[in-house]
Amino acid sequence: MINSIFNTTFETSIRLLLNLYLSNKKHQTLEELIISDFITIRSNEFGLSDSNLHGMNDFAFSEFPRRRELAKEAIKRLVLKKLVEVKASNGGLKYSITDSGVSVCKSFSSDYAKEYKYYSKKTNSFIENKEEIELLEMITTKATVALREE
C-alpha cells in the first residue's frame with residue numbers, strides 16, 4: 001500500500017479549515033462543510049468552472065460518502081488542535097474557525113491552496129441562498145445521472 005497525502009484525513013482537514021476561513025457563514029454544520037468542500041472540488045460538475053480541482057473522474061459522486069467519513073475525523077483533529085471550535089446549537093453542532101486557524105490559513109501559499117480558495121469562493125456564491133437539503137438533492141441527482149451514464 002502506498003502512503004499518500006491525497007484523500008486522507010490530513011488533506012480533508014486542510015480543505016475544511018480553508019472552507020471555514022473563506023465561508024460567508026461564521027458557523028457551519030459538518031454537513032454544510034462536506035457539501036461545500038465536495039462542490040468546491042467538483043466545481044465543473046456544478047457548472048462553476050471549466051475543470052475540477054481534482055480532475056475529471058467517472059466515479060466522482062461515489063466519493064461523497066467516503067468524504068463524509070474523512071470529514072468526521074478531520075473536524076475532530078481540527079478541534080483538538082484548537083484551529084476550529086465547536087458549539088452546540090438548536091441545529092446541532094456548529095463549527096467556526098479560531099484565530100489560530102485563520103493564521104494557519106493565511107500561511108497557505110501553495111498552488112493547490114490558491115486554486116482551492118478560488119474554487120471555494122465560487123462555491124460560496126453558488127450555495128449562499130440554497131438550503132442544505134436542496135444541495136444534497138442536487139448531489140444525489142447528479143450521482144444518479146452519473147451512474148446511469150456508466
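Computation of the quantities below employed the complete heavy-atom set of this structure, encompassing side-chain atoms and omitting hydrogens, waters and symmetry-equivalent molecules.
- Using a cut-off of 4.0 Å between Lys/Arg side-chain N and Asp/Glu carboxylate O, Glu31 and Arg68 are scored as salt-bridged.
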message: Go through it in stages, so that I can follow the logic: the residues are Ile139 and Phe38, the test is side-chain contact (heavy atoms from CB on, under 4.5 Å), and I'd like the CA-CA distance, side-chain angles, deciding distance and then a yes or no.
response: CA-CA 9 Å; Ile139 291 169; Phe38 187 77; 4.0 Å; yes
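- For the pair Glu45 (side chain) and Arg42 (backbone), a donor-acceptor distance under 3.5 Å is absent.
- Taking CD of Glu73 as the reference point, atom CZ of Arg77 lies at 5.0 Å (rounded to 0.5 Å).
- Using a 4.5 Å cut-off on side-chain heavy atoms (C-beta onward), Val102 and Lys106 make contact.
- The minimum heavy-atom distance between Leu20 and Tyr95, with the atom names listed, is CD2-O, 3.6 Å.
- The hydrophobic clustering, which links ILVMFWY residues whose side-chain heavy atoms are closer than 4.5 Å, places Leu30 and Leu70 apart.
- Counting only heavy atoms from C-beta outward, the side chains of Leu17 and Val104 approach each other to under 4.5 Å.
- Atoms CG and SG, on Leu22 and Cys105 in that order, are 7.0 Å from each other to the nearest 0.5 Å.
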task: Evaluate the side-chain contact (heavy atoms from CB on, under 4.5 Å) criterion for residues Glu132 and Thr29: first the C-alpha distance (whole Å), next the side-chain angles of each, then the deciding distance (0.1 Å), finally the verdict.
output: CA-CA 10 Å; Glu132 185 178 300; Thr29 65; 3.4 Å; yes
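- To the nearest 0.5 angstrom, Glu32 atom CD is 8.0 Å from Ser23 atom OG.
- Here the straight-line distance linking atom CG of Leu33 with atom OG1 of Thr12 works out to 11.5 Å at 0.5 Å rounding.
- With no hydrogens or angles considered, no side-chain donor-acceptor pair links Tyr116 and Asp111 at under 3.5 Å.
- Here the closest non-hydrogen pair linking Asn24 and Asn124 is ND2-CB, 3.9 Å.
- Side-chain atoms of Thr141 come within 3.5 Å of backbone atoms of Glu137 as a donor-acceptor pair (strictly under, hydrogens ignored).
- The structure places CG of Leu83 at 13.5 Å from OH of Tyr21, a figure rounded to the nearest 0.5 Å.
- Taking every heavy atom of both residues into account, Leu16 and Ala74 meet most closely at CD1-CB, 4.0 Å.
- Using a distance-only test at 3.5 Å, with no hydrogens or angles considered, no donor-acceptor pair links the side chain of Ser13 to the main chain of Leu78.
- Between Thr40 and Arg15 there is no side-chain heavy-atom pair separated by less than 4.5 Å.
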message: For a side-chain contact (heavy atoms from CB on, under 4.5 Å) check, start with the C-alpha distance between Val79 and Glu85, then their side-chain angles and the critical distance, and finish with the verdict.
response: CA-CA 6 Å; Val79 170; Glu85 62 184 14; over 6 Å; no
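- A cation-pi contact, defined as under 6.0 Å to the ring centre and within 45° of the axis, links Lys130 to Phe126.
- Of all non-hydrogen atoms in Ser36 and Thr123, the two that sit nearest each other are O-CG2, 3.6 Å.
- Arg67 has its side chain within reach of Ile41: a pair of non-hydrogen atoms, C-beta onward, lies under 4.5 Å apart.
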task: Verify side-chain contact (heavy atoms from CB on, under 4.5 Å) between Val86 and Lys94, making sure each step is shown before the conclusion.
output: CA-CA 6 Å; Val86 60; Lys94 299 266 185 156; over 6 Å; no
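- A 4.5 Å side-chain heavy-atom check between Leu48 and Asn44 finds every atom pair outside the cut-off.
- When the shell of 6.0 Å around CZ of Phe108 is examined, it contains more than 12 heavy atoms from other residues, nucleotides or ligands.
- Closest of all the heavy-atom pairs between Ala88 and Leu93 is CA-CD2, 4.1 Å.
- Side-chain contact between Ile75 and Val84 is present, with at least one heavy-atom pair separated by less than 4.5 Å.
- Shortest non-hydrogen contact noted between Ser96 and Lys26 is CB-O, 3.2 Å.
- Remark: Met138 CE to Ile35 CD1 distance equals 10.0 Å, nearest 0.5 Å.
- The side chain to side chain contact (heavy atoms under 4.5 Å, CB included) test with Glu11 singles out one residue from Ile14, Thr9, Thr8, and that residue is Thr8.
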